[in-house]
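Below is one structure; the comments refer to it alone.
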Amino acid sequence: MEQHIRESLMAAAPNLFGVPITENIIQFQQTRRDVEGDLTLVVFPFVKLLRCAPQQAGEKIKHWLEQNIQEVSHCNVINGFLNIVFKDTYWLEMLQTIQNNPQHGLSVPNSKPTIMVEYASPNTNKPLHLGHLRNIFLGASVAEILKAVGHKVVRTQVINDRGIHICKSMLAWEKFSPLNEKGERETPANTGLKGDKLVGKYYVAFDQALQKEAKEILSQWQSGNFADTSVEIQDAVLKFQQAKEGKDEKAQAAIDDKIKELAKNQTSILQEAKEMLVRWEARDPQVYLLWTTMNGWVYEGFDATYAQMGVTFDKLYYESDTFLLGKDQVLEGLKKGVFYQKEDGSVWIDLSGEGLDEKLVLRSDGTAVYMTQDIGTAIDRFKDFPDLHGMVYTVGNEQDYHFKVLFLILQKLGYTWANNCFHLSYGMVDLPSGKMKSREGTVVDADDLMAEVIDKAKIMTQERGHLDRISAQEREQLYAQIGLGGLKYYLLKVDPKKRMLFNPEESIDLTGNTGPFLQYTHARISTLLEKAAFDLMPLSTAATLKQEEREIIKQLSLFGATLQEAAQGYSPAVLANYAYDLVKLYNTFYQSVKILVEPDKSLRQMRLALSAGVRQVLATSLHLLGVEAPQRM
RNA sequence: GGUCCCGUAGCUCAGCUGGAUAGAGCAACUGCCUUCUAAGCAGUAGGUCUUUGGUUCGAAUCCAAACGGGAUCACCA
């Protein structure tokens, strides 16, 4: 409609104003809520052109609109704003169109290029936590949104299944696991523990042992005992200790940390873990068996968590398969002059021209670093999926710099698709008590949180729900839908790039801007339509619309554009806020108007159609957010 | 210190491709269930949009600086 008015106005401009106008003069915006109108044209840009007061210019356009645009009922000009009111028939036809199209707002599936969306990407040494939840819900939702606007989507994750941190839990399990009466070490089967939890337990055990040993070494150093320490380390420690003299508290603490780091490196347990990594890289059968076994436990645990979360993946990448990738590309890039080599053999890229630093891409011993691997993996993915057009990496904002560099390197290597790669960077999740720190035990476990939220939903639903016609089994399902729906919505309604506060109490709230609030409205409309035995039928276009009703149709008509905006900005929050606004409008309507008991048949039918439209768009929105839409609650 | 992100009501957040009197929710207070689900609705109260300059007919929105919070600057991943 905007486009229609814009084009007509531009075509008429030479006659109407005596001069042609450009597109950017015609600026539309949403009409203020306290003013009559469905669409507002900003008059100011015309003022200069026409050399008259805003009021005059507005009146002129107003008359033209009223006479030449069929859908316009009337207009008013206030303070340089031209508010256009459309005819009721225009809105009723809009409602009819929405009603006839169950795909309203969505694009044709697979009509746009393939995008790979990466999210989750956990380490296999500990269970998933709250931070992962934000990551996963975000990535999963963005994948759905991209699909809805027509992209083909490949959902993927990289499983960080190798490295020193994995060896730590393996080693600790070998060293510290008690034996049962059959002489077996602890397993998920003989302890009943979830696999990822069991492995995580030993990762913690490793850290405790490491801290303990490091502490002993530190106290030896403090008392001047360097018997078990090499001369180089001793020198370094002494140097640091001297450097502390005369520094402020903060600087001293920083130096202490460095000394502690040295002590940790001296521990026998860390040495053992490093040796284990070497043996893993040499494919030592014993270590490999241990590795496969323990990772297997973790995968079983993760699968259970993902199932509870309701997320899936189309393709998995394992770091153990990909960690050697990228070296060839780096060497090739070296030939092409993209990279350069230092005397010690290490390979670097100079990004100072782009305002960044120099960055290492290959160690002097020829082994790969994180960046090397990511270069290789990205290129590999485009080989795996020849029709791939771009990628979305859902990774925390502490890696902003890394991805900036990665995309630049890929560009410089000549991969044009690098321009279609996007780092979906999201802020950290804070707790009211501050930052989550695994060492201080303030990490919120994903499984625990989901269970808690479902439990709370159960209690609250039993208090106020309408459960009489729901079977016991369906009730359990409903509690999970409400609990998880609330949690997902809570994490997704905030702009991804912003750091957010996780308040455990608010996350399971049912009132206000919450998941259950949206679900409730969906359930309420569902039972309403069921009771009315609602069926689609042509609407009478003769009805007069109340303000509440036209507001809703207007909002429904914006769904497609909102979806595009959410896709473009990779922001489920945009969609969440849209859905919330829609629900608020509907609830106002619902409370102020009779529907089922409305005696006028065509009015009743129109209001039911309106309700059905809201339910349809709401259900779609919730689905795109990964939130389930219950029929009753 | 360099670079990047953030700063809006007591709290959590919208609004940010410049436009009218800056919006929600929570918390507080007042009403509304003998009528379709009150997990709802209507209302009251709460703001120098961190500060200072600049651009503009017009700035929460754009630019610059300052202040405050965070991240990041490894031959770690």
Side-chain angles (χ1 to χ4, degrees), chain A residues 27 29 31-35 40 42-45 47-48 54 78-81 83 123 160 162-165 319 323 342 344-348 355-357 359-371 373-374 396-402 404 425 427-428 430 432 435 457 460-461 463-466 482 486 490 493-495 497-503 505-507 509-521 523-532 573-574 576-578 580-581 583-584 586-598 604 607-608 611 632-633:
Chain A
Q27 292 170 19
Q29 65 184 46
T31 306
R32 278 179 66 96
R33 280 197 304 174
D34 50 353
V35 170
T40 294
V42 185
V43 181
F44 293 103
V47 170
K48 257 188 194 164
I78 308 169
N79 300 331
F81 294 90
N83 304 303
N123 291 333
N160 299 302
R162 52 134 251 137
I164 187 75
H165 50 295
E319 206 203 333
F323 79 108
K342 290 193 176 172
D344 61 3
S346 57
V347 181
W348 298 72
L356 306 173
D357 306 331
K359 189 88 191 170
L360 178 88
V361 289
L362 211 55
R363 292 195 189 101
S364 53
D365 62 3
T367 56
V369 288
Y370 182 41
M371 187 62 76
Q373 202 185 126
D374 268 8
N397 64 5
E398 66 271 15
Q399 297 203 33
D400 284 355
Y401 184 73
H402 172 78
K404 214 185 249 182
S425 159
M428 211 176 280
D430 285 327
K435 228 171 161 176
M460 293 168 108
T461 302
E463 273 170 19
R464 62 182 100 190
H466 307 79
I482 295 174
Y490 182 81
K493 73 177 176 185
V494 180
D495 183 353
K497 71 169 181 280
K498 283 192 181 172
R499 202 187 168 92
M500 71 175 288
L501 184 81
F502 181 85
N503 185 329
E505 325 251 286
E506 277 177 20
S507 69
D509 257 359
L510 308 175
T511 60
N513 189 357
T514 63
F517 172 66
L518 306 201
Q519 291 174 316
Y520 177 74
T521 301
R524 198 158 65 169
I525 298 175
S526 295
T527 43
L528 179 80
L529 295 178
E530 196 180 306
K531 280 186 188 168
V574 169
N577 288 315
Y578 165 85
Y580 176 64
D581 288 340
V583 163
K584 296 249 316 170
Y586 182 80
N587 283 340
T588 302
F589 157 80
Y590 181 88
Q591 301 272 349
S592 69
V593 134
K594 289 187 174 106
I595 303 172
L596 271 187
V597 291
E598 169 59 49
R604 178 172 181 267
R607 287 178 183 160
L608 285 171
S611 304
R632 273 188 257 284
M633 65 188 272

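Numbered from 1 within each chain, the chains take letters A, B, ... in sequence-line order.
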inquiry  = Taking only the P atom of each, what is the distance from B/A24 to B/U44 in whole angstrom?
reply    = 10 Å
query = Stems in RNA chain B: runs of 3 or more consecutive Watson-Crick or G-U pairs, distances under 3.5 Å?
reply = B:1-7 with B:67-73, B:10-13 with B:23-26, B:28-32 with B:40-44, B:50-54 with B:62-66
inquiry  = Tell me if a side-chain donor or acceptor on A/Arg632 pairs with a main-chain N or O of A/Thr527 at a distance below 3.5 Å.
reply    = no
message = Looking at A/Asn83 and B/A20, is any side-chain donor or acceptor paired with a base atom of the opposite kind under 3.5 Å?
response = yes
Nucleotide of B/C5, B/A77, B/C13 approaching A/Glu319 most closely (side-chain heavy atoms) = B/A77
request  = Kindly indicate whether the side chain of A/Thr588 and the base of B/A42 share any N or O donor-acceptor pair separated by less than 3.5 Å?
outcome  = no
task = For B/A74, take OP1 and OP2 only and decide whether either is under 4.0 Å from a side-chain N or O of A/Arg363.
result = no
query = If you check the A/Arg524 side chain, which of B/C16, B/A38, B/C57 turns out closest?
reply = B/A38
task = Give the intermediate values and the outcome of side chain to side chain contact (heavy atoms under 4.5 Å, CB included) for residues A/Ile482 and A/Met460.
result = CA-CA 10 Å; A/Ile482 295 174; A/Met460 293 168 108; over 6 Å; no
key: Closest to side chain of A/Lys404, choosing from B/U3, B/A77, B/U12   = B/U3
task = Taking only the side-chain heavy atoms of A/His466 (C-beta and beyond), determine which of B/C13, B/A20, B/A39 contains the nearest atom.
result = B/A39
inquiry  = By nearest heavy atom, map A/Ser364 and A/Ile595 onto RNA chain B; which one lands nearer the 5' end?
reply    = A/Ile595
inquiry  = When the P atoms of B/G19 and B/A59 are compared, how many Å lie between them, rounded to an integer?
reply    = 11 Å
inquiry  = Can you check the distance between B/C26 and B/G70, where both ends of the measurement are the C1' atom (answer in whole Å)?
reply    = 25 Å
key: A/Tyr590 side-chain proximity, nearest of B/U37, B/A20, B/A14   = B/U37
request  = Using a 4.0 Å heavy-atom cut-off across all strands, classify A/Met460 as base, sugar-phosphate, or nothing.
outcome  = nothing
request  = Could you check if the base of B/C62 is syn or anti? Syn means the glycosidic torsion is within 90 degrees of 0.
outcome  = anti
Nearest-neighbour nucleotide for the A/Lys498 side chain, B/A20, B/G7, B/A71 considered = B/G7
task = Would you indicate, yes or no, if B/C41 has its OP1 or OP2 atom less than 4.0 angstrom from a side-chain nitrogen or oxygen of A/Asn587?
result = yes
Contact state string [nucleotides 22-35 of chain B, B base, S sugar-phosphate only, - no protein heavy atom under 4.0 Å] = -SSSS--------B
message = Heavy atoms from C-beta onward define the side chain here; which of B/G19, B/A39, B/C73 lies closest to that of A/Leu510?
response = B/A39
query = Of the nucleotides B/A14, B/A77, B/C36, which has the atom closest to the A/Leu596 side chain?
reply = B/C36
task = Would you indicate, yes or no, if B/U37 has its OP1 or OP2 atom less than 4.0 angstrom from a side-chain nitrogen or oxygen of A/Lys531?
result = yes
ask   = Would one find more than 12 heavy atoms of other residues, nucleotides or ligands at under 6.0 Å from atom NZ of A/Lys342?
value = yes
task = Side chain of A/Tyr520 only, please: which of B/G40, B/A77, B/U21 is the nearest?
result = B/G40
task = Assess the side chains of A/Arg524 and A/Asn587: does a donor N or O sit below 3.5 Å from an acceptor N or O?
result = yes
key: A/Phe517 ring over B/A39 six-membered base ring, under 5.5 Å and 30°   = no
query = Considering the options A/Lys498, A/Lys497, A/Lys493, A/Arg499, which one meets the salt bridge (charged side-chain N to carboxylate O under 4.0 Å, His left out) requirement together with A/Asp495?
reply = A/Lys497
